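None of the values given here were measured: they were computed from a predicted structure. In what follows, chains carry the letters A, B, and so on, assigned in the order in which the sequence lines appear, proteins first and then strands, with residues in each chain numbered from 1.
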Amino acid sequence: MFRYILRRIGMLIPILFLVSVVVFLMLRLAKGDPAMAYLRLSNIPPTTEALEEARYLLGLDLPVWEQYLRWIGKALQGDFGVSWVTGNPVLGEILYYLPATLKLTAAALFLTLALSIPLGVLAALRKDGPIDHVTRAFAFVGVSMPSFWFAYLLIFVFAVTFKLLPPMGMGGVSHIIMPAMALALMSTAINIRFLRANMLENMHARSVLYARARGLSERRVIWGHVFRNSLVPVVTSIGMHLGELIGGAVVVEMVFAWPGVGRYAVMAIYNRDFPILQCFLLVMTSIFVLCNLLVDILYAWIDPRIRLQGDRS
Amino acid sequence: MRIFAALLLGLSLAAFCAAPALAAKTELTFSWPSNCGPLNPHLYSPNQMYAQAMVYEPLVHYGDDGSVVPWLAESFEISPDGTLYTFRLRPGVVFSDGEPFDAKAVKMNVDAVLLNAKRHSWLELINQIEGCEIVDDMTVRLKLKNPYYPILQELALIRPLRFLSPAAIPPDGNTSMGIAAPVGTGPWILAESKKGEYDVFVRNERYWGQKPALEKITVKVLPDPESRVIALQTGQIDLIYGAGGHSAAQIGLEAFVRLEREGRFSTGVSGPLSSRLLAVNSARGPTSELPVRLAIQHAVDKDLLNQAIFLGVEKQADFLFTPIMPYCDLGLKPFAYDRAKAEQILDEAGWTLAPGARVRAKDGRDLVVDFCFTGNDALHKAIAEALQGELAKIGMHLNLIGEESDSFLKRQKDGEFGMIFNDTWGAPYEPHAMVGSMRAPSHADYQAQVGLPMKSELDQKITQVLLTTDETTRQAMYRDILTTLHEQAVYLPLTYMTSVRAHNPKLQGVEFTPMRQIIPFERMRWAD
């Protein structure tokens with residue numbers, strides 16, 4: 001188990017290296033001049049001299065590989081440069097806004113699990129019944145509806161019409177309900193369908209038939225065999241959902257004026273604030289990859305087959 | 001007796017309950033797309049101009065009628081040769097930290113700005129100041145290199161020449177690397193700032209002028225214009241104020257018109273503040289010919305454009321600057337919308353339409369013009385598409401080039417365009433600063449004009465008009481410059497931009513000022 005974890009952590013390094021190269025190149029492949037963006041954001045008139053000075057200052061006169069080495073060298077020491085808009089160190093800014101996003105993501109993940117597990121199980125147990133139909137319809141709509149649209153619908157109903165919840169900002173529990181719901185919708189819908197399908201599949205497994213033959217109670221068959229086995233793929237999918245939730249937070253934070261790192265990144269995209277975007281993408285990738293690692297470890301712990309394969313290789 | 005006592009008790013209870021309701025509200029909640037920044041009066045982004053204007057004040061103020069009036073300076077004198085400006089400072093003014101506003105404070109601020117002069121090179125005022133000297137405790141003198149007349153207009157700007165308390169200026173006198181605290185003489189004090197969430201301003205109790213009726217203004221950080229409208233509708237904010245419609249807008253035009261129709265909120269549209277224009281390149285492609293530029297002027301139905309895209313919120317523009325700007329009411333004849341005339345001009349110039357063709361041609365060249373805009377700016381895109389449709393009717397094809405903003409700016413600078421968006425700057429920059437910038441090759445104006453046969457003559461006149469001390473000569477020269485630009489049709493004015501307001505109807509005194517970045521909170525109050 002320990003070797004498996006070590007091996008997985010070791011794989012993080014090449015992944016992050018690749019991501020850093022791709023992010024760096026992607027921003028530079030886009031049309032437009034970073035020196036021009038820098039001058040625009042600093043409100044400096046873009047005269048030819050100012051452009052040359054900015055190119056020198058930002059190291060844009062160097063070959064791309066040298067620019068990359070300079071950047072990654074500093075980044076490894078925790079220095080991601082300063083924002084072209086605020087002039088503040090980038091990592092500090094990202095870490096300032098990150099907790100709000102993690103709070104929102106955690107709330108949405110909790111909501112996803114709290115809704116999808118009972119609904120998925122119920123839909124499978126009462127297959128083709130009214131609950132199943134309603135759940136399937138919900139899952140269908142949830143997967144199809146964009147989160148920002150659902151967010152505006154929530155605001156229209158709960159904040160504008162009935163005035164039950166605050167429409168925006170961060171504060172008490174009431175502030176987080178709507179953003180978390182908007183963010184959780186798609187993951188919940190996917191998870192319900194996934195769990196339902198798994199449950200139905202496992203109900204016909206030979207192990208379940210054998211359990212029944214052993215005379216186990218229906219309750220033990222369902223919870224001990226069908227449900228537990230159906231949960232294994234769901235745990236893996238949580239890793240995917242975390243990615244979806246962190247990505248979705250970018251849109252949801254804009255709508256609900258949630259002061260998180262997603263909204264901060266959107267402003268950086270509008271401004272073409274390169275240092276922020278590079279740091280944001282790298283930090284988010286790290287979080288995503290780490291979450292997947294955690295899920296994989298959890299998965300290995302639940303399912304001995306994975307662990308053994310990992311140990312053997 | 002018992003009834004009387006009960007009545008008395010009831011009445012006093014009622015009075016007690018009613019008392020808080022009777023006191024007028026003194027707090028206001030507003031919103032802005034970002035925090036106000038560190039509020040350094042001598043620097044630019046991320047310092048927000050509306051907030052800099054709340055905390056810091058100028059020597060002279062740009063009045064509602066466009067005239068320059070004394071402010072922190074009680075009076076001023078200009079030497080006959082126009083190079084010495086002597087300001088007598090207003091007595092009794094203190095910064096919000098209690099420091100006196102005197103000649104020493106003024107000199108420290110001017111020197112701090114001059115230390116960073118390169119950064120302010122876009123502003124002629126800073127290039128022209130040779131130095132600042134203290135005449136006595138309450139008098140300062142600015143010495144200029146040349147008799148640059150718009151000095152007073154530029155002193156009224158929100159930045160960089162407003163005044164920070166000497167106690168907040170770093171010991172080396174250089175404010176460009178940061179200030180100790182945002183302390184000014186203005187009616188408001190920045191009391192609290194929470195990154196990504198809000199800024200709080202409170203009334204400056206030491207303010208020298210009429211104290212604001214409001215005591216506290218909370219500015220929430222709301223980047224999304226749609227969320228801002230919801231915030232107003234749900235009472236999270238009391239006021240939406242600022243530009244409507246374009247990319248840096250406070251509110252989308254559809255949402256504004258919806259609020260206007262709903263009638264729940266008090267709404268209003270300002271007068272013209274600046275011009276939304278296209279620069280037409282006189283040095284490149286078919287638009288290097290005057291007849292082609294004139295045909296474009298006659299071919300666009302601006303009224304339709306305004307109704308369809310700006311929903312009537314902006315005003316149709318016929319000239320480079322709105323006639324309400326100083327020296328700009330010239331009585332020039334607008335180019336009327338007349339498609340037949342546009343076609344006739346093109347025919348006479350040899351741009352003819354072959355049978356069955358959709359685009360005119362001359363000497364084997366098609367009448368195709370590159371139209372450059374910011375691709376992700378919905379408003380730019382809508383205008384581009386509308387104009388493409390309009391000009392197709394006279395046999396001209398607009399080649400739409402939508403790019404990200406840096407490429408767009410690069411095209412403005414390099415002159416790689418046939419037509420390109422190039423809005424004017426509004427008061428107090430119009431006309432002098434905008435006209436002055438027409439001499440700089442890094443501006444779209446220069447690039448659009450560089451093909452004109454009289455360009456060098458035009459640039460000389462611009463240099464002269466900024467340095468002449470004679471008012472009559474100045475008027476005549478502006479007439480000359482602006483008439484030439486109008487007749488040469490190097491600009492296609494579309495609309496005059498406006499600001500909009502939407503707020504709780506109980507909020508009164510929400511007025512528009514000529515400088516669109518200023519929000520006059522000090523005039524606002526809640527009705528009882």
Side-chain angles (χ1 to χ4, degrees), chain A residues 30-51 53 83-88 92-93 96-97 100 148 151-152 155-156 158-161 163 165-171 251 253-261 263-264 266-267 269-273, chain B residues 31 33-35 37-38 40 43-47 49 118-123 159-160 176-178 194-198 220-237 247-248 374-377 403-414 437 440-443:
Chain A
K31 214 171 169 224
D33 186 352
M36 188 72 109
Y38 171 77
L39 292 181
R40 179 171 49 83
L41 296 177
S42 318
N43 279 24
I44 300 173
T47 57
T48 314
E49 304 87 69
L51 267 172
E53 203 183 314
S83 156
W84 292 351
V85 177
T86 63
N88 293 333
E93 297 264 286
Y96 176 87
Y97 290 109
F148 76 90
Y152 281 124
I155 291 175
F156 180 73
F158 294 107
V160 178
T161 311
K163 298 186 172 42
L165 293 169
M168 59 195 57
M170 197 165 73
V251 176
E253 283 176 7
M254 278 303 276
V255 176
F256 289 99
W258 188 265
V261 73
R263 192 179 70 158
Y264 186 66
V266 171
M267 298 314 281
I269 293 170
Y270 278 139
N271 292 332
R272 294 176 59 78
D273 197 337
Chain B
S31 71
S34 62
N35 282 102
N40 184 330
L43 285 182
Y44 306 90
S45 171
N47 298 287
M49 291 175 94
K118 209 174 158 195
R119 187 75 176 68
H120 311 297
S121 62
W122 66 276
L123 184 62
R159 56 199 188 188
S176 69
M177 302 310 285
K194 185 137 199 242
K195 217 154 71 170
E197 293 187 53
Y198 57 81
K220 292 189 177 176
V221 177
L222 294 181
D224 181 35
E226 282 302 322
S227 304
R228 186 169 294 117
V229 175
I230 293 165
L232 182 74
Q233 287 174 323
T234 51
Q236 301 282 311
I237 60 170
S247 50
T374 315
N376 58 3
D377 184 324
E403 293 172 327
E404 53 81 37
S405 51
D406 296 329
S407 303
F408 170 81
L409 291 174
K410 194 163 178 296
R411 283 183 183 272
Q412 277 195 335
K413 184 177 161 293
D414 299 343
S437 78
S442 60
H443 283 261

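In this structure, the separation between CZ on A/F156 and CD1 on B/I230 is 10.0 Å, given to the nearest 0.5 Å. Rounded to the nearest 0.5 angstrom, B/N47 CG and A/T86 OG1 are separated by 11.0 Å.
Contact record, A/P259 with B/E197: CG-CG, 3.6 Å, taken as the closest heavy-atom pair.
Between chain A and the options B/K410, B/Q412, B/K413, heavy-atom pairs under 4.5 Å are most frequent for B/K413.
Heavy atoms of B/K118 lying under 4.5 Å from chain A belong exclusively to its side chain. For A/Y96, the part lying near chain B is the side chain, with the backbone staying farther off; criterion is any non-hydrogen pair under 4.5 Å. Of the atoms belonging to A/E53, it is side-chain heavy atoms, and not backbone ones, that fall under 4.5 Å from chain B. Interface remark: A/M170 contributes backbone and side-chain atoms alike to the contact with chain B (heavy atom separation under 4.5 Å). Contact of A/Y264 with chain B is not made at all, since no heavy-atom distance falls under 4.5 Å.
Panel note: side chain A/R263, backbone B/G196; a donor-acceptor pair is recorded below 3.5 Å. Put simply, the side chain of B/S227 never gets that close to the backbone of A/A257: no donor and acceptor are under 3.5 Å apart.
By the side-chain hydrogen bond (donor to acceptor under 3.5 Å, both in side chains) test, A/Y97 pairs with no residue at all, sequence neighbours left out.
Contact check for A/M254 versus B/P223: side-chain heavy atoms found under the 4.5 Å cut-off.
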Practice task
List the steps and the verdict of side chain to side chain contact (heavy atoms under 4.5 Å, CB included) for A/M168 and B/K220.
Solution key: CA-CA 10 Å; A/M168 59 195 57; B/K220 292 189 177 176; 5.9 Å; no

